[in-house]
Amino acid sequence: MTGMVSGKVALVTGAGSGIGRKSAELLAREGARLLVCDQNSDAAEETAEGIKASGAEAEALEVDVSDEDQVSAMVRHCVSRLGRLDCAVNNAGIAGPTGTLETVSLDDWSRVQAVNLTGVFLCMKYEIAAMLEAGGGAIVNMSSGAGLIATPGLSPYSASKHGVLGLTRTAAVENARRGIRINAICPGSIDTPMLRKAMESDPATARFIEKSMPIGRLGKAEEIAEAVAWLCSDRASLVTGQSMGVDGGSVAR
Ligand code: NAP
């Protein structure tokens, strides 16, 4: 099989649903061997089974990205079972509570940062170490349009996604001469289970989301996967430290 990421080994977190699942599927179609990671082991298994049914290689692993031991074991597992780690897509995330800032509990705030920001930190910490040993690689972190502009009603989420961009840029510069490219994607409103749940939980958030896309429709997870695959591939060889909007124009307004 030849494709954009032929012969590479890729790891995707949050790959049991939405953007992560479509990214894992496209990377597999483009020639990568996949480690499909999610805290929901049944969902991860389902993604891996679908990939295997299409003739590509995939393995599922239950991982909570906020747990350092599990993240370090995930990267070790990838190298020992699949031989190396070339591409990592740090996609797992949660929306967290909706409501204005003064209504947010410290526990809710902390959980969103633990998954969305500390999770990306932990994943990069172990992925970069493995990639350095192998001589290079590419990392894609899933930020959000909410990482670039205000997102009323989602302050913990927005803060965590701003943080992902800071981590991405800093890690990209630290590793620019070490063969590792690190970029972030900032999706607009994408039709996934996470978005549906956020829209159902709060009418103000639903109205904000409905009006957020100048293109006049929600995005599809497959459209984010296209950017993921390209950033993972050698075709993006000069691209590092970027926050790539894939958002139907929502941040351009
Ligand atoms: P999704 O459909 O909810 O998928 C996210 C997956 O990540 C789920 O399988 C979820 O498991 C898993 N997950 C949650 N916490 C985890 C953890 N601690 N460790 C490992 N896996 C975990 O969401 P999505 O919309 O595809 O979102 C994927 C990423 O894109 C997120 O980072 C999100 O913030 C970002 N994003 C999404 C949108 C959008 O409009 N959809 C826009 C901008 C950015 P459970 O189902 O068990 O929670």
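Numbering of ligands and ligand atoms starts at 1, following listing order. Predicted model, so just to flag it, every value in this text is computed and none were measured. Any value given below was found using the heavy atoms of this structure, including those in side chains, with hydrogens, waters and symmetry copies removed. Just so you know, residue 1 is the first one in the sequence shown, and it goes up from there.
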List below, pair by pair, the N or O atoms of ligand 1 and of the protein that are less than 3.5 Å apart, including the distance to 0.1 Å; reply 'none' if no pair qualifies.
from	atom 1	to	atom 2	distance (Å)
ligand 1	2 (O)	S17	OG	2.7
ligand 1	9 (O)	D38	OD1	3.2
ligand 1	9 (O)	D38	OD2	2.6
ligand 1	11 (O)	D38	OD1	3.3
ligand 1	18 (N)	D64	OD1	2.9
ligand 1	19 (N)	V63	O	3.4
ligand 1	19 (N)	V65	N	3.0
ligand 1	21 (N)	Q39	N	3.2
ligand 1	25 (O)	T192	OG1	2.5
ligand 1	26 (O)	I19	N	2.8
ligand 1	32 (O)	N91	O	2.7
ligand 1	32 (O)	K161	NZ	2.9
ligand 1	34 (O)	Y157	OH	2.7
ligand 1	34 (O)	K161	NZ	3.1
ligand 1	36 (N)	Y157	OH	3.4
ligand 1	40 (O)	G188	O	3.4
ligand 1	40 (O)	I190	N	2.7
ligand 1	40 (O)	I190	O	3.3
ligand 1	41 (N)	I190	O	3.1
ligand 1	41 (N)	T192	OG1	3.1
ligand 1	47 (O)	Q39	NE2	3.0
ligand 1	48 (O)	Q39	NE2	3.2

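In this structure, M74 CE and E127 CD are separated by 5.0 Å, a value rounded to the nearest 0.5 Å.
Under the side chain to side chain donor-acceptor pair (under 3.5 Å) rule, N141 has a single partner from N91, N183, T168, which is T168.
The environment of CZ in R177 is sparse: at most 12 heavy-atom neighbours from other residues, nucleotides or ligands sit within 6.0 Å.
Taking each heavy atom of V65 and V115 in turn, the nearest pair found is CG2-O, 3.8 Å.
Side-chain atoms of R76 and S72 include a donor-acceptor pair closer than 3.5 Å. Judged by distance alone, the side chains of T118 and S66 never bring a donor and an acceptor atom under 3.5 Å apart.
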